[in-house]
Peer 1: 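Before we start, here is the structure in question, set down as structure tokens.
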There are 8 protein chains.
Amino acid sequence: MDKDILLRLLQSVAVGDTPAVDAARQLRHLPFEDLGFAHIDHHRSLRKGFPEVIFGEGKTADQIIGIMERMRAQEHVILATRIEPEKAQTVLARIPQARYDPAARMIVWEITPPTIQGRGTILILSAGTSDIPVAMEASLTAQAMGNRVETVFDVGVAGIHRLLQHRERIESATVLIVVAGMEGALPSVVAGMVSRPVIAVPTSVGYGVSLGGLTALFAMLNSCSSNVAVVNIDNGFGAGYMAAMINRN
Amino acid sequence: MDKDILLRLLQSVAVGDTPAVDAARQLRHLPFEDLGFAHIDHHRSLRKGFPEVIFGEGKTADQIIGIMERMRAQEHVILATRIEPEKAQTVLARIPQARYDPAARMIVWEITPPTIQGRGTILILSAGTSDIPVAMEASLTAQAMGNRVETVFDVGVAGIHRLLQHRERIESATVLIVVAGMEGALPSVVAGMVSRPVIAVPTSVGYGVSLGGLTALFAMLNSCSSNVAVVNIDNGFGAGYMAAMINRN
Amino acid sequence: MDKDILLRLLQSVAVGDTPAVDAARQLRHLPFEDLGFAHIDHHRSLRKGFPEVIFGEGKTADQIIGIMERMRAQEHVILATRIEPEKAQTVLARIPQARYDPAARMIVWEITPPTIQGRGTILILSAGTSDIPVAMEASLTAQAMGNRVETVFDVGVAGIHRLLQHRERIESATVLIVVAGMEGALPSVVAGMVSRPVIAVPTSVGYGVSLGGLTALFAMLNSCSSNVAVVNIDNGFGAGYMAAMINRN
Amino acid sequence: MDKDILLRLLQSVAVGDTPAVDAARQLRHLPFEDLGFAHIDHHRSLRKGFPEVIFGEGKTADQIIGIMERMRAQEHVILATRIEPEKAQTVLARIPQARYDPAARMIVWEITPPTIQGRGTILILSAGTSDIPVAMEASLTAQAMGNRVETVFDVGVAGIHRLLQHRERIESATVLIVVAGMEGALPSVVAGMVSRPVIAVPTSVGYGVSLGGLTALFAMLNSCSSNVAVVNIDNGFGAGYMAAMINRN
Amino acid sequence: MDKDILLRLLQSVAVGDTPAVDAARQLRHLPFEDLGFAHIDHHRSLRKGFPEVIFGEGKTADQIIGIMERMRAQEHVILATRIEPEKAQTVLARIPQARYDPAARMIVWEITPPTIQGRGTILILSAGTSDIPVAMEASLTAQAMGNRVETVFDVGVAGIHRLLQHRERIESATVLIVVAGMEGALPSVVAGMVSRPVIAVPTSVGYGVSLGGLTALFAMLNSCSSNVAVVNIDNGFGAGYMAAMINRN
Amino acid sequence: MDKDILLRLLQSVAVGDTPAVDAARQLRHLPFEDLGFAHIDHHRSLRKGFPEVIFGEGKTADQIIGIMERMRAQEHVILATRIEPEKAQTVLARIPQARYDPAARMIVWEITPPTIQGRGTILILSAGTSDIPVAMEASLTAQAMGNRVETVFDVGVAGIHRLLQHRERIESATVLIVVAGMEGALPSVVAGMVSRPVIAVPTSVGYGVSLGGLTALFAMLNSCSSNVAVVNIDNGFGAGYMAAMINRN
Amino acid sequence: MDKDILLRLLQSVAVGDTPAVDAARQLRHLPFEDLGFAHIDHHRSLRKGFPEVIFGEGKTADQIIGIMERMRAQEHVILATRIEPEKAQTVLARIPQARYDPAARMIVWEITPPTIQGRGTILILSAGTSDIPVAMEASLTAQAMGNRVETVFDVGVAGIHRLLQHRERIESATVLIVVAGMEGALPSVVAGMVSRPVIAVPTSVGYGVSLGGLTALFAMLNSCSSNVAVVNIDNGFGAGYMAAMINRN
Amino acid sequence: MDKDILLRLLQSVAVGDTPAVDAARQLRHLPFEDLGFAHIDHHRSLRKGFPEVIFGEGKTADQIIGIMERMRAQEHVILATRIEPEKAQTVLARIPQARYDPAARMIVWEITPPTIQGRGTILILSAGTSDIPVAMEASLTAQAMGNRVETVFDVGVAGIHRLLQHRERIESATVLIVVAGMEGALPSVVAGMVSRPVIAVPTSVGYGVSLGGLTALFAMLNSCSSNVAVVNIDNGFGAGYMAAMINRN
């Protein structure tokens, strides 16, 4: 039931077509969310540049195409994550307006190009070259949500001078996303350099007691810097989404 | 806003005192739960013999007394679990109508004595003598909720003949609660003997790789019998509550 | 040794053909289960609509066919779970009376169609679309055991209004099965809405610290609602079986 | 070496008192951080209302007093977390300007009262009454850092209507902190209601497979809502600090 | 029902006092274990030197005394494990015939002194001095069960020559118990020196990643020697019992 | 250096050809194991029917053939475990005297047929049909080592009467091997029925919280029966080897 | 900015071409690492025989070739680890000066042959034949870094005499690397024989509770010998690198 | 049997008092370690400044005094670790020559003062103030073993500039010990700055997912720097001992 339907019911009560008792009974059983005024607004605000995402792992190209086509009517931007190159080719053959980023393994379909609306710049740093896919997933997500994004890759803590060379960029970002596998130490170091929120993303990069990313995750949650919060292992999308939320006006 | 208030608003629309548009605005901001009709029923059904419980661990006697006194107006039965003897003494000094069961470490305050209303008998079995407190917590909970409860203790699988001697009782129960620590094998054996639902309760009894009850828990979740569902370690209250739900007419 | 054989032995003692001492010796070595009276009844009750199940993972189509054909004589319904489509095709080519449900990945062979005999309706809810196979396994199992089953899919807690729209169905069910992966929060929310037993089924849906379903499992065991019991990860069959046990008259 | 010292050295080169080669040698060995211009700024910004914190666990009252007195010269606000009541009494006897919050188990010493400077309101929700200490730690931290903070306690998901009653406050917050133990489901539900960043704080509240808070932590990291990032178990301070960073202009 | 009662029933049938049909009915409901012939033998064999054990942890001195006095009628040897010195004093004040071994923290009450009846010698080796209590528990248990027991302590693998000095004793034992904490390496080395069964007992001795004995346990289960089987952490009693079983004629 | 060489050195000292001081120097540097008298005996005893085993997983057919041919000179029986059918075919094409058991996935090459020499019978029980490969590996190993072996499969605890029907065989065995996956409850039940050593073998059969066999392993280590010792997950060979050691005269 | 550039700036100040204030501003923004004098030395020392390594897992042959060719200008030795044979063939077809070691699964490209410069000999021991690849990775790494390396394989603790035969070599090494899977006991035994640093390398060799090498790792960290430090599971490269660092003059 | 005894035996053979055959028999049974020549050397080398250590946790003051007095004859330095202040007082009352370091919680008894004999300086860095006890344990151990030791405390990675200020000391050390709890990131950063071996010591400092030091341990084992090896959690003694071994000439 939307606003109009509610108004019509009340007008029917006003003109005597529907007795007050009957209207009360109808409203009593009215599922709350069908009122949903806030939700309509909420949904609208979502459509203002906040994309919907398709988790591509375990879905066929056909399923992905199907979902994308169903979503196109109501979304401005559609993202599909964890898409292997061959699958991407099939999808793009059918939806040529979309584009594929092989580093991020993401498909981005900007039905309406996003306009930059964030407060400042989101800076994404990653520790090793193997962490780049996760960092790129975060980057494309934040961009699709209308943010200025910069990236600095391969600045792991084993060569701290490489990181320090980017001090100015680090200090001028509004939100930082720091992606690292193995010992997951980079977010602590970066967060210690700024007074801005840092979203830490552990990756499953490593072997042995990297435990598929658990070690990096736990290290990040134990950060001796206080301005760090963490998302799930390899969750570049979530980090990009969270950073965009923080960077909202 | 309850039913009457809603009706009054609608009547005000009907007689023209409140324009439909204004009523729509009021209703739009109406917190859902203030309608709460179903909830009033729901709460009523809860009061029909289903007790409220106070988790006593980490609460002082004074805090427990305070909560019990606040609850007395709206509850028929009040349970307090995990109460050490000294704490119980202090509570009973103030609320002498309540009683304390040292085996279950529970205080039961039956403001209105429960009447038996379950479909059949709830049978509670436990593997070792150290599992008895958890079994008794389940027993008192189910009784307070208006169920016939029988108990058979110390029938662990290392002496399977002890268990088999109770075959008839086991077969005639409507719901069974099986409490075991260490290797947690008893629920599988019991469930294999009946076509009734079995609630398995792992206990923290054991040492070394009993892992504080995790081993018993995992064993029960892996039961080769299909009529077994499991609650948290040492959660006698939950098992009794769940069994009472199942035994409801 | 069945009832007749025992009677014959005792009659032989009565007429003096077998001395009491010899009969005592024979009885002494009598294997308990050969008496097995209760068990004959027990088996009979099992045959009254409670299906036998074949765990299909790691079995060849030929093995599954072999087991199904051996079981057909004594069972009314035969279920085979976790069957991939190709394997199902091979099985159905040989047993065309059976049917395959691709969503549940189950083969159901109703030798005698089940008659509805449960007390009420079993409602199955699932959080995400990836949880549907497990939910469907529960659904087909409960149906094959003679229960009215309803399903509500894709009502995860991230959009709580979707769940609330089904409030009436939720409140009118006799038993509820709630299937969820990732953070496993749905059973707590649903159980808080009803005074009926809820069987929670964690699924292995998720990545990173979903830990193959362990996180959802542990979350469900820690539910702040008391009317929840849990089965093993992805164990839709067990949940359906347990719900049918609870729904029995 | 600060800016003035550097300038003096260079002027000395300019007037010929120090040969260029000698100045080069001095600068070469110059510890980087002694230049520290950015750091001076950084420190200054830190002093603008961002408090320093003392982790009180395992420290004596005397040690805490000592650290607080040493810090008073350079900080505007000093926080000490995890302080038991008796220890607090000893500290306040010596530093009567500080105050102790027994719910949060924190000492707050506002040398200069913080002025509200955040963009909006930080809303802190907690699931159970046992989670309140962690929630209060977050609250006092964010307040000390110059933020408007509101709190809503005891809105766990087992009674979802309690949460929904606070929908408007939830929707109007700029940043949300959600504190929960046991199954850790609350952040997912709350995050699904808003388009704002949610900081989730798992607590060690629970028993059995709550695993000291690990279950709540993992559940939160697996949230099906994307606008959630997580801090360490019981880390109310970190959540408050992070929320303040996000709420900065 | 024992042998005599059964015989009497059958004789009553033989003389016509009890009709065969009635006797059949009686026997049908006869609880299996009441026949119990094998079990009487079994129990008798148990009494031939195989002790009953009381797990003392968490029991009061009074409870232990009570159990011991109840058991004295039917047992030849009674063991109580994990008894702290003060508790032992209280017990021995009441049962002066028993004796206490402070190293093993065990009370042994030999009502009838055991006679040596094992096939050979049980040799117990331990790695460190902290492992001695567990080793002594194994030793006293095996002795109470009628075995020749020898012990060699403090022969950890970090000084392999200490172990090699005992090569002859090691090679002449019939069964070996090897007790070790920390890295749990000793059983592998010892088992490699003999063609006899080795019972490995991990202890909780160690810190950090000894994980309360889990590391030693897992190491022992992974032994590159094939003649090793393992019992629970700190389970000296179980190892002594198992070794006695193996050493039986 | 063997016995003869040592004797020759000493004789050379006796006749004055080698000064005592020189002989001392030679002996000082003498590697201990070159003396190796005991070891020669030890090796001889090993050759008396105790087979050598090749762990086949991850080895090519050619590697296995190579090792088998190298070993044939000094061994009476050669076992190769975990051999897939195709690999076995290749091996048997080259070594036709060997035989392959597809259930156990083992190759057995009896160069000299073993003669029965154990004290009694080794009984192997397994819980489910999926546990048979591990049980068969134990069986073939014990047989190859000269033992009478009997097997009873598919007697899981969910149908305890199936197990009880084998009571006599169980009671007459000298050593028992009990193989079970999932909840791993069978060893406790069997061990409670006998006064003989039970070797428990957990298997990786199961899913979800069977944790690849860890749950069964931990359950077995926590057995409430004392005559149980445990080997590694799926280690049928080790169980058979250990049982043969125990059954030795 | 290198030394010359700094000097030139200071000379420009000295002669009045650059005002002191301007020079101060330039130096203030000077990235620390551009001064980097020590780092130039540091890099130079790295080039003196310490190889760079490419982790080959998950990289294509083309990627590896690309990296190797880019590195050739500045490195004396290039190592690529975890290279499967086919991938190696492709790489060597393009870079025929490199060589491939199939046991270590490593490619070594010595642009300038290393000269022996370590203090003594690095001895590498391994427990089982399956541990050889990891041991060989350590060996080639240490050799490429200019060390004398000796190896002793297959001296697991189950046959301690095999190890003792190598006592002299063991005692004469300067640094020892000990590689072992399963129970990981070898480092403790070896370290107990020497007063030299031992680098322990756990391998993922084993099954069941070897837990992919975690058990060996934890055992090594719990070594009862004090002269042991440990690297990650299967990290032969790291062990060889660390040993080379220790063996440096 | 020592060297003299062996010589006497051989002389007895030389003069004909002992026949060669008898001598051979005696030598054959000679326990290897009684020859122990190498071991005498080995022991001697140990006594040259390498201390023996007493693990004080769980030992009474009397036990510690007893062990110290027994050891004084053969050791130059005796260390006792993990000694609480009161216990230390009792020990020092009896052995006033020893001294107690409250920060390291160690007793050091230098019977002969150690002389500096290491190759260079051992530098010990620690991340937080709570890590100092472990760092001091390492320091006192290395000093007692005759090494020059320097320490730099409180240089955690959250303030990387604090660490960089000590660059010269870091670069001039021969061996480095890096102590850190929480996220354990410091060893990676330090190791990236040097070409020297780094011994990383995880501490149990932290809460929540620091998991008692496991997170720091795993992070260190996953270090992206290759010149890092790790010891057990809180094992300052082991780190100091290992560093001394590395620093030996």
Peer 1: Let me confirm one number: the OG1-CZ distance from G/T174 to H/R248, rounded to the nearest 0.5 Å.
Peer 2: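 Atom-to-atom, G/T174:OG1 and H/R248:CZ are 9.5 Å apart.
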Peer 1: If you count heavy-atom pairs within less than 4.5 Å of chain G, which of H/S226, H/S225, H/A243, H/G238 leads?
Peer 2: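 Counting heavy-atom pairs under 4.5 Å, the top option is H/S226.
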Peer 1: Considering only residues two or more places apart or on different chains, which pairs with a residue in residues 108-124 of chain H satisfy salt bridge (charged side-chain N to carboxylate O under 4.0 Å, His left out)?
Peer 2: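 Listed by first then second residue: H/R99-H/E110.
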Peer 1: At under 4.5 Å between heavy atoms, what parts of residues 228-236 of chain G are in contact with chain H? List them by residue number.
Peer 2: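 So the qualifying residues are G/V228, G/A229, G/V230, G/V231, G/N232.
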Peer 1: Is the closest side-chain heavy-atom distance between H/S195 and G/M245 below 4.5 Å?
Peer 2: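 Result yes, sub-4.5 Å side-chain heavy-atom pair found.
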Peer 1: Tell me, for H/V198 versus chain G, whether the close heavy atoms (under 4.5 Å) come from the side chain, the backbone, both or neither.
Peer 2: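 The answer is the backbone of H/V198.
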Peer 1: What residues form a side chain to side chain donor-acceptor pair (under 3.5 Å) with H/S210, not counting sequence neighbours?
Peer 2: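 Partners of H/S210 by the side chain to side chain donor-acceptor pair (under 3.5 Å) criterion come out as none, since no residue qualifies.
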Peer 1: Got a sec, which residues hit side chain to side chain donor-acceptor pair (under 3.5 Å) with G/E57, two or more places apart in sequence or on another chain?
Peer 2: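 Partners of G/E57 by the side chain to side chain donor-acceptor pair (under 3.5 Å) criterion come out as none, since no residue qualifies.
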